[in-house]
Trainee: 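One structure coming up, written as structure tokens, with questions to follow.
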Amino acid sequence: MKFMKLGSRPDTFYTAESVRTVSSEVSSDLIIEVKGCKYLLHKFPLLSKCLRLQRICCESPETSQHQIIQLPDFPGGIEAFELCAKFCYGITITLSAYNIVAAQCAAEYLQMTEDVEKGNLIYKLEVFFNSCILQGWRDSIVTLQSTKAFPLWSEDLGITSRCIESIASKVLTHPSKVSLSHSHSRRVRDDISCNGAESQRHKSTTKGWWAEDMAELGIDLYWRAMIAIKSGGKIPSNLIGQALQIYASRWLPNISRQVKANQGATSDSDSESTGEISSKHWLLLESIVSLLPSDKGDVSCSFLLKLLKAANILNASSSSKMELARRVALQLEEARVSDLLIPSLSYSSDTLYDVDIVLTILEEFMLQGQSPPTSPPRSRLGFERRRRSRSAENIDFEFQESRRSSSASHSSKLKVAKIMDGYLQEIARDINLPLSKFIAIAEKTPDFSRLDHDDLYRAIDIYLKAHPDLNKSERKKLCRILDCKKLSVEACMHTAQNEKLPLRVVVQVLFFEQARAAMAGGKVAELPSNIKALLAAHNIDPSRPPGTLSTTTSIRGDDQWSVSGLKSPKSRTSTLRMKLAEDDFDEYDMNPDGLGRSSKFKAFCALPTGPKKMFSKLLSINRSGSEKN
């Protein structure tokens, strides 16, 4: 970093009885008080360079040997005043990026201009500032940081704006042409080969060389600098996104822990400091959201969800939350289940997680485009009729254009369905989660997006375990979202012995298992007419084998399905009879073809001996297969 030395005399200032003075053969005739500190000095060296002190001495008559001047509002405090006083005495002073702002403000306050004396302090500071400070990267950053202590003075003198312009121009320039500090220059230029071309390995790092240094700035100065950089139009938006992520990771770490700690504050002073910290974080978050680039993929979905989680904790504005929700929806297929677990801090809800915001994200995702399962080319008319989301406050036109032109592909919907089923498994453990919200999340995902319902069944099973007080009507309502035709063999085996499920689901699964057993070996056996009627009631074609079903989702050990303890056919029949004795069949379970549940059960009980043996044989085959495994 650059520095400048002025003056040649040695430092003769010293402290005697809490008073600062200077060694001299001439007795002092001037007392100056600055921020509670008293200085015994001489009029001649000071008044010859400081116009303000001249005017004060002329306006106030001398009442004693020492004329007293008070400067209570002196910018920079005693350090800056002593720097100016030493300059007046010709004592050597050292100026750098760390103290030049304080020196400039103090010199302007004392009016140390060229009108008083040629080559005065203001002129020398201005030359050093323009020729050295603004030419160096690190010097500009440090100087801009130091303006925070003198915001009004720095703005009036143009120090802040010139530093921001200098930083922005250097960001828009190749790092090889920027004057960097020795350590920083070595780190950056190591990523550049001898012929000046960037190596592929360090290409992205070299392009974003400025992000970490700028992360040292406060949010108000950082926001202004980023606006200047973005207005240059030369920096790719993905690098802007990376810079914002670096800044947020530095200034918004462990927000949830801080809030929990702050909630335990008891004293008034603790409450005030807590409120001050929260307001700073709130301003920081709002500023970061306003700087987010508009194009899809410029920032990761994980980063957007972390911002949304912080927005929920800090009670950010609804417009910022909706802005983040829309951006997350554009790339929801990249999300992780852990990132979607946004804590709920609402006083009106006792749930662990904010399910409403995830439902909003899912709705926004589905509004991107209504592509069918086979994803055929969209017609022009269909494109023009696509639903568009309403504009929110502070959303620019560029983002709206990209938002309207985006469309969720079929493959992305398949990924989102898998993510949502995993999300349902996590929130199902919340004992305060209402059934309506669980069903809303499950139903918002299109049925064709789920190639199998194994993960959805896991979520339902977990919910039933966590909510044992559900009545029969609620359990039936919950299980209506489950398609038994899309369950794997392992899931069907678990379902058939799950006593928490309604009888309707168990009966369906048994029929589907019978149909699968009949289709073993690729040859479909002729089924009795009563079984065909029951299968037809569920729109099942036994001549078509079910597709390959996925059971690859990783789940917790206590929620996995075990087939080692399956009941014998005789025991399972007893369990089924007990369920029949407990359950009643409601009118709303009537099928479109007029075959009610009671009729189905009668048909099931009226099966001839052959089909009943087939059920027993199927169950014994499953049990023997599990024992071999």
Side-chain angles (χ1 to χ4, degrees), residues 208 211 214-231 235-256 258-259 277-332 334-336 339-346 354 356-365 368 389-404 406:
M214 285 193 58
E216 298 175 4
L217 299 172
I219 186 58
D220 50 347
L221 297 174
Y222 182 83
W223 187 87
R224 292 174 61 180
M226 289 298 293
I227 290 294
I229 292 171
K230 292 178 69 175
S231 62
I235 301 299
S237 53
N238 65 315
L239 291 183
I240 298 292
Q242 291 176 13
L244 292 174
Q245 189 166 352
I246 291 173
Y247 190 83
S249 64
R250 174 161 186 167
W251 295 100
L252 282 177
N254 302 323
I255 288 295
S256 58
Q258 293 182 17
V259 170
I277 293 174
S278 298
S279 62
K280 288 181 179 179
H281 284 154
W282 184 89
L283 177 62
L284 191 149
L285 178 69
E286 295 280 347
S287 301
I288 291 177
V289 172
S290 68
L291 290 172
L292 287 173
S294 58
D295 296 335
K296 177 182 178 180
D298 289 339
V299 291
S300 66
C301 185
S302 176
F303 174 56
L304 291 173
L305 284 168
K306 287 177 182 177
L307 289 180
L308 187 56
K309 187 179 296 185
N312 227 31
I313 294 173
L314 296 172
N315 195 23
S317 62
S318 57
S319 60
S320 293
K321 290 183 181 180
M322 288 303 300
E323 170 80 355
L324 290 170
R326 290 188 181 95
R327 293 180 185 275
V328 170
L330 288 176
Q331 49 199 93
L332 183 57
E334 304 171 7
R336 296 178 299 183
D339 293 329
L340 288 170
L341 298 176
I342 302 173
S344 175
L345 301 178
S346 173
D354 191 340
D356 293 331
I357 192 67
V358 175
L359 186 59
T360 301
I361 293 172
L362 190 55
E363 290 173 348
E364 288 291 327
F365 173 80
Q368 293 176 34
S389 61
R390 293 180 299 174
S391 301
E393 298 178 7
N394 302 324
I395 298 181
D396 53 22
F397 178 75
E398 181 182 1
F399 175 73
Q400 286 297 324
E401 286 298 310
S402 65
R403 173 68 174 78
R404 287 194 288 264
S406 61

Trainee: What is the distance from atom CG of L314 to atom CG of L283, rounded to the nearest 0.5 Å?
Mentor: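 Answer rounded to 0.5 Å: 11.0 Å.
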Trainee: So which heavy atom on A243 is nearest to which on M226, and how close?
Mentor: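 Heavy atoms of A243 and M226 come nearest at CB-CE, 4.4 Å.
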Trainee: When you look at L324 and L292, which way does the side chain to side chain contact (heavy atoms under 4.5 Å, CB included) test go after all the steps?
Mentor: CA-CA 9 Å; L324 290 170; L292 287 173; 3.8 Å; yes
Trainee: Can you name the one residue among V328, V289, L304 that meets side chain to side chain contact (heavy atoms under 4.5 Å, CB included) with E323?
Mentor: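 Answer after filtering V328, V289, L304: V289.
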Trainee: Could you check whether any side-chain N or O of K230 sits under 3.5 Å from a backbone N or O of L291, counting only pairs where one atom can act as donor and the other as acceptor?
Mentor: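 Flag set: sc K230 to bb L291 pair under 3.5 Å.
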Trainee: Examine distances only and state if a side-chain atom of S320 and a backbone atom of A316 form a donor-acceptor pair shorter than 3.5 Å.
Mentor: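 The answer is no, because no donor-acceptor pair under 3.5 Å joins these two groups.
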Trainee: With heavy-atom distances below 4.5 Å as the criterion, would you say the side chains of L284 and S287 are in contact?
Mentor: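 No, their side chains stay 4.5 Å or more apart.
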Trainee: Going from CZ on R224 to CD1 on I229, what distance comes out if it is rounded to the nearest 0.5 angstrom?
Mentor: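 Going from CZ on R224 over to CD1 on I229, the span is 13.0 Å.
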Trainee: So, the side chain of K296 versus the backbone of L330: is there a donor-acceptor pair under 3.5 Å, distance only?
Mentor: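 Judged by distance alone, yes, a pair lies under 3.5 Å.
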Trainee: For the side chain of N312 and the backbone of L345, is there at least one donor-acceptor N/O pair under 3.5 Å apart?
Mentor: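 No; judged by distance alone, with no hydrogens or angles, the pair does not exist.
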Trainee: For S290 and W223, what are the C-alpha separation, side-chain angles and deciding distance, and is it a side chain to side chain donor-acceptor pair (under 3.5 Å)?
Mentor: CA-CA 9 Å; S290 68; W223 187 87; 3.1 Å; yes
Trainee: Should we say atom CZ of R336 is surrounded by more than 12 heavy atoms from elsewhere, each under 6.0 Å from it?
Mentor: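 Open: at most 12 neighbouring heavy atoms sit under 6.0 Å from CZ of R336.
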Trainee: For the pair Y247 (side chain) and I219 (backbone), establish whether a donor and an acceptor sit closer than 3.5 Å, ignoring hydrogens and angles.
Mentor: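 It does hold such a pair.
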Trainee: Quick one: does any side-chain atom of W251 pair with a main-chain N or O of I246 as donor and acceptor, under 3.5 Å?
Mentor: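 Not at all, since once roles are kept as given, no pair shorter than 3.5 Å links the two residues.
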Trainee: Kindly determine whether E334 and S300 satisfy side chain to side chain donor-acceptor pair (under 3.5 Å), including the steps that lead there.
Mentor: CA-CA 8 Å; E334 304 171 7; S300 66; over 6 Å; no
Trainee: Would you mind reporting whether K309 and L341 have side-chain heavy atoms less than 4.5 Å apart?
Mentor: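 In short, these two side chains do not touch, never coming nearer than 4.5 Å.
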Trainee: Judged by atom type as modelled, is there a donor-acceptor pair below 3.5 Å linking the side chain of R327 to the main-chain atoms of P293?
Mentor: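 Checked: pair present.
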Trainee: Less than 4.5 Å apart, side chain to side chain, heavy atoms only: is that true for Q245 and Q242?
Mentor: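 They are not in contact (no side-chain heavy atoms under 4.5 Å apart), so the answer is no.
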Trainee: Quick check: do L285 and L307 have side-chain heavy atoms less than 4.5 Å from each other?
Mentor: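 SC-SC contact between L285 and L307 confirmed.
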Trainee: Hey, could you give me the CG/NZ distance between D356 and K321, rounded to the nearest 0.5 Å?
Mentor: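 One gets 10.5 Å once the value is rounded to the nearest 0.5 Å.
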Trainee: Between the side chain of Q331 and the main-chain N/O of G297, is any donor-acceptor distance below 3.5 Å?
Mentor: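 Yes: the side chain of Q331 pairs with the backbone of G297.
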Trainee: Locate the shortest heavy-atom distance separating A225 from M214; write the atom from each residue and the value.
Mentor: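 In this case the closest contact between A225 and M214 is CB-CE, 3.5 Å.
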Trainee: Quick one: do L308 and D339 satisfy side chain to side chain contact (heavy atoms under 4.5 Å, CB included)? Show the steps, please.
Mentor: CA-CA 10 Å; L308 187 56; D339 293 329; over 6 Å; no
Trainee: Please check: side-chain N/O of D354 versus main-chain N/O of I357, any donor-acceptor pairing under 3.5 Å?
Mentor: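 Answer holds: yes.
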Trainee: Main chain of A325, side chain of E364: is a donor-acceptor contact present, judged purely on distance under 3.5 Å?
Mentor: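 Such a contact is absent between E364 side chain and A325 backbone.
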